[in-house]
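First comes the structure, then the notes that go with it.
Basis for what follows: all heavy atoms, side chains included, without hydrogens, waters or symmetry-related copies.
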Amino acid sequence: MANRRSFLQSAFGIGAGLFASNKMLASSAQSAAEKLKTSRSGRNGPAFNAPVITTDVGDLPFTLDNGVKVFHLVAQVVKQQIAPDKTIDAWGFNGSAPGPTIQVTQGDRVRVIFDNQLPEPSSIHWHGFEDQIQYDGQPGISQPPVKPGGRFVYEFTIHQEGTYFYHSHMAMQEMAGMLGAFIMHPKEPYRPHCDKDFLIHLQEYAVLPNNTVPNTMNMEFNWLVLNGKAGPANTPLIVRLGDRVRIRFVNLGMDHHPMHMHGHTFYVTGTEGGRIPEAAWWPGNTVLVGVAQARNIEFVANNPGDWMVHCHLPHHMMNQMSSNVGRMTRMSGMPAGGDMNTGMGMLQGTPGAPTGEDYGPALGRGLGGVGNASDTSTTNGPLSQKKADAAMGGMDMSGMDHSQMAGMDHGTAQKPGGMGEMQTGDMAPDIAPNANDVPNFPQDAYMEGPMMSMDKMVEKPENYGLKPGWSQFMQGMMTFVRVLPPDQYDEVISRMKQANRPNDPYASLLNRG
């Protein structure tokens with residue numbers, strides 16, 4: 001009997017312990033994801049609609065006409081600097097591609113006066129709007145195409161809320177950059193409200209090194225941009241530790257983009273159809289933003305640091321994929337690109353024009369401007385020091401700083417007069433001595449080493465405090481969410497105010513701050 005009593009007492013003890021343990025596990029399991037569903041920032045007071053910040057783009061201003069918000073939207077050819085020393089001829093709105101963000105509030109009456117300064121007809125589709133057919137922007141169906149020099153007036157009463165966008169409804173014009181955001185703030189602010197609200201456009205271009213005009217017929221792309229800028233040129237998102245943050249991703253291109261954020265778990269809270277009911281929010285750290293879609297994420301910025309936000313497609317974390325150092329693999333097999341001269345834009349193939357099959361950033365499709373390089377005469381062997389030196393002989397290195405030259409060192413033997421001599425100080429090469437004998441080398445490389453450092457070329461207040469050399473490892477669809485403790489946040493904000501930049505996309509935050 002005593003043994004039986006001891007056994008039952010022991011069993012009840014174990015059961016109670018397991019029950020308590022399960023409660024603790026359940027409590028801790030919900031801590032990261034579940035808590036942010038209802039967690040509010042440390043700000044007190046009523047909920048509010050934070051103005052959306054579209055970094056590197058900004059807003060379209062409006063005037064009032066008897067209570068109607070009037071916006072002037074102009075389609076035009078624009079010079080868009082997508083990276084240091086890389087400017088393209090895009091098509092956009094009001095001087096930028098993507099165009100400026102339009103922000104309104106549920107219940108507003110809105111008039112958009114559209115002027116077409118392009119050399120061909122166009123029209124504007126208001127993506128996701130539920131409104132009258134005559135304002136839908138379908139050329140030849142809901143309205144006549146707006147001819148060059150023409151005008152069309154769109155007018156809406158805003159009864160929806162959420163993340164929407166506008167774009168040309170001529171398909172190839174979309175691929176030339178004609179996109180902009182249209183934010184409908186809710187009449188009753190969302191709860192919990194966000195302290196910071198950002199919008200990021202996802203776009204891609206195919207532009208050869210010797211050209212400035214995107215090839216809108218391409219199916220592969222070598223410049224991947226966020227808000228019209230490729231990393232490291234785009235501007236980080238600046239938030240204070242403890243802020244609740246919303247990021248709105250808008251995608252109008254040819255590729256879907258799995259957008260990944262480091263260091264935090266977020267909830268997906270909205271689409272191009274509006275706000276998702278809270279019971280249907282789902283947690284994650286990567287969200288797939290399909291073509292013609294918008295996805296809103298929200299998170300509490302409770303983890304300090306400079307956290308990357310980027311598309312996780314590997315080719316979208318690179319710039320200028322144009323076979324710029326020779327074939328990607330050094331072993332026999334299918335070629336993946338042309339020689340160095342071709343990659344740098346000194347065209348030698350047949351025909352001698354960018355639409356020839358010899359040129360471009362991609363593998364083996366042969367569609368004009370994409371390039372299959374199948375008839376290139378170069379061998380698939382190791383890159384010799386002699387060939388590297390000869391290929392680089394015409395480049396002007398006088399304007400490069402120490403970090404840029406170090407980034408260009410490709411790790412070959414330190415021969416007099418060779419590229420290895422560009423390395424200065426006690427910096428060791430990043431490339432193994434036997435690298436040229438290793439199959440698939442180079443892969444994660446620019447000139448067979450890190451990308452050139454561009455810290456000084458992309459210097460701005462929002463980058464203050466980043467680690468030296470950070471820009472060597474930021475390419476393509478990559479930026480930062482900088483979660484800054486109060487003292488660092490205040491310092492960065494102070495520098496942003498002192499910059500006093502005209503039409504600063506951060507103006508709403510700086511004025512509020």
Side-chain angles (χ1 to χ4, degrees), residues 32-55 57-59 101-106 160-165 181-201 227 235-250 259 261-285 287 289 294-304 307 309 462 479-486 489 492-493 496 505-513:
E34 292 298 324
K35 281 183 180 178
L36 77 87
K37 248 191 184 182
T38 53
S39 64
R40 301 174 185 272
S41 71
R43 306 291 185 271
N44 295 318
F48 63 91
N49 292 323
V52 172
I53 298 168
T54 311
T55 55
V57 177
D59 290 345
T101 296
I102 296 174
Q103 300 197 51
V104 300
T105 301
Q106 197 174 21
Q160 297 166 271
E161 46 79 24
T163 304
Y164 301 89
F165 46 103
F182 198 112
I183 304 301
M184 302 179 189
H185 291 287
K187 192 169 186 177
E188 180 69 26
Y190 298 139
R191 293 180 180 273
H193 72 266
C194 288
D195 303 289
K196 303 289 192 308
D197 198 336
F198 299 95
L199 187 136
I200 298 179
H201 289 288
N227 288 345
T235 300
L237 314 185
I238 304 299
V239 304
R240 184 196 295 267
L241 182 65
D243 278 347
R244 187 179 179 94
V245 180
R246 179 184 298 114
I247 303 177
R248 308 168 188 248
F249 297 108
V250 171
M259 298 304 296
M261 185 173 68
H262 293 203
H264 292 80
T265 298
F266 56 68
Y267 266 88
V268 179
T269 61
T271 73
E272 72 285 352
R275 184 76 160 175
I276 298 173
E278 185 174 345
W281 294 358
W282 72 92
N285 53 58
V287 59
V289 189
R295 290 291 182 269
N296 296 352
I297 65 170
E298 294 180 26
F299 62 98
V300 176
N302 56 10
N303 196 2
W307 300 107
V309 177
E462 291 87 345
T479 190
F480 291 114
V481 171
R482 302 196 65 195
V483 180
L484 303 176
Y489 176 86
V492 170
I493 292 294
M496 292 165 65
Y506 268 105
S508 61
L509 171 62
L510 300 180
N511 295 335
R512 176 161 55 105

Next on the checklist: Quick one, Val309 with Phe249, criterion side-chain contact (heavy atoms from CB on, under 4.5 Å). Give me CA distance, side-chain angles, the key distance, then yes/no.
Outcome noted: CA-CA 11 Å; Val309 177; Phe249 297 108; 4.1 Å; yes

Checklist entry - If you take all heavy atoms of Val57 and Pro505, which pair is closest and at what distance? => result N-CG, 3.8 Å

Next on the checklist: Side chains of His185 and Gln103, heavy atoms from C-beta outward: is any pair under 4.5 Å?
Outcome noted: yes

Next on the checklist: How close do Pro277 and Trp281 get, counting heavy atoms only, and between which atoms?
Outcome noted: O-CD1, 3.4 Å

Checklist entry - Cut-off 3.5 Å, side chains only: do Asn296 and Thr269 have a donor facing an acceptor? => result no

Checklist entry - Any side-chain heavy atom of Met496 within less than 4.5 Å of one from Leu510? => result yes

Next on the checklist: Tell me whether the NZ or CZ atom of Arg244 lies within the 45° cone about the ring axis of Phe299 and under 6.0 Å from its centre.
Outcome noted: no

Checklist entry - So, does Asp59 use its side chain to make a donor-acceptor pair with the main chain of Thr54 at under 3.5 Å? => result no

Item to check | side-chain contact (heavy atoms from CB on, under 4.5 Å) evaluation trace for Arg482 with Val239 | outcome: CA-CA 6 Å; Arg482 302 196 65 195; Val239 304; over 6 Å; no

Item to check | From Ile297 atom CD1 to Ile247 atom CD1, the distance as rounded to the nearest 0.5 Å | outcome: 4.5 Å

Next on the checklist: Can you confirm whether the side chains of Asn285 and Thr265 place a donor and an acceptor under 3.5 Å from each other?
Outcome noted: no

Next on the checklist: Do Thr235 and Thr55 pair up side chain to side chain, a donor and an acceptor below 3.5 Å, judged on atom types alone?
Outcome noted: no

Next on the checklist: Would you compute the distance between atom CG of Leu237 and atom CG of Asp197 and round it to the nearest 0.5 angstrom?
Outcome noted: 11.0 Å

Checklist entry - Which atoms form the tightest heavy-atom contact between Ala50 and Arg512, and what is the distance? => result CB-NH2, 4.2 Å

Item to check | Any Val245 side-chain heavy atom under 4.5 Å of Val481 side chain | outcome: no

Checklist entry - Got a sec, which residues hit salt bridge (Lys or Arg N to Asp or Glu O under 4.0 Å) with Glu161, two or more places apart in sequence or on another chain? => result none

Next on the checklist: Can a donor-acceptor pair be found, under 3.5 Å and without considering hydrogens, that links the side chain of Asp195 to the backbone of Asp243?
Outcome noted: no

Checklist entry - Once the angle between the rings of His264 and Trp307 is folded into 0 to 90°, is it parallel (under 30°), tilted (30 to 60°) or perpendicular (over 60°)? => result perpendicular

Checklist entry - How far apart are the closest heavy atoms of Met261 and Phe266, and which atoms are they? => result CE-CD2, 3.8 Å

Item to check | Any Ile238 side-chain heavy atom under 4.5 Å of Leu484 side chain | outcome: yes

Next on the checklist: Using modelled atom types and a 3.5 Å cut-off, is there a donor and acceptor pairing between side-chain atoms of Arg240 and backbone atoms of Val483?
Outcome noted: no

Checklist outcome for this item: When rounded to the nearest 0.5 Å, the distance separating OG1 of Thr105 from CD1 of Ile183 is 11.0 Å

Checklist entry - Between the side chain of Gln106 and the main-chain N/O of Pro186, is any donor-acceptor distance below 3.5 Å? => result no

Next on the checklist: Using every non-hydrogen atom in the two residues, find where Tyr190 and Ala47 come nearest and quote the distance to one decimal.
Outcome noted: O-CB, 4.0 Å

Item to check | salt bridge (charged side-chain N to carboxylate O under 4.0 Å, His left out) evaluation trace for Glu188 with Arg275 | outcome: CA-CA 12 Å; Glu188 180 69 26; Arg275 184 76 160 175; over 6 Å; no

Next on the checklist: To the closest 0.5 Å, what do you measure between CZ (Phe198) and OH (Tyr506)?
Outcome noted: 4.0 Å

Item to check | Residue pair Val250 / Tyr164, side-chain heavy-atom distance below 4.5 Å | outcome: no

Checklist outcome for this item: CZ of Arg248 to OG1 of Thr163, rounded to nearest 0.5 Å, is 3.5 Å

Next on the checklist: Tell me the closest heavy-atom pair linking Ile276 and Gly270, and the distance in Å.
Outcome noted: CD1-N, 3.6 Å

Checklist entry - So how far is it from Ile102 CD1 to Met184 CE, rounded to the nearest 0.5 Å? => result 10.0 Å

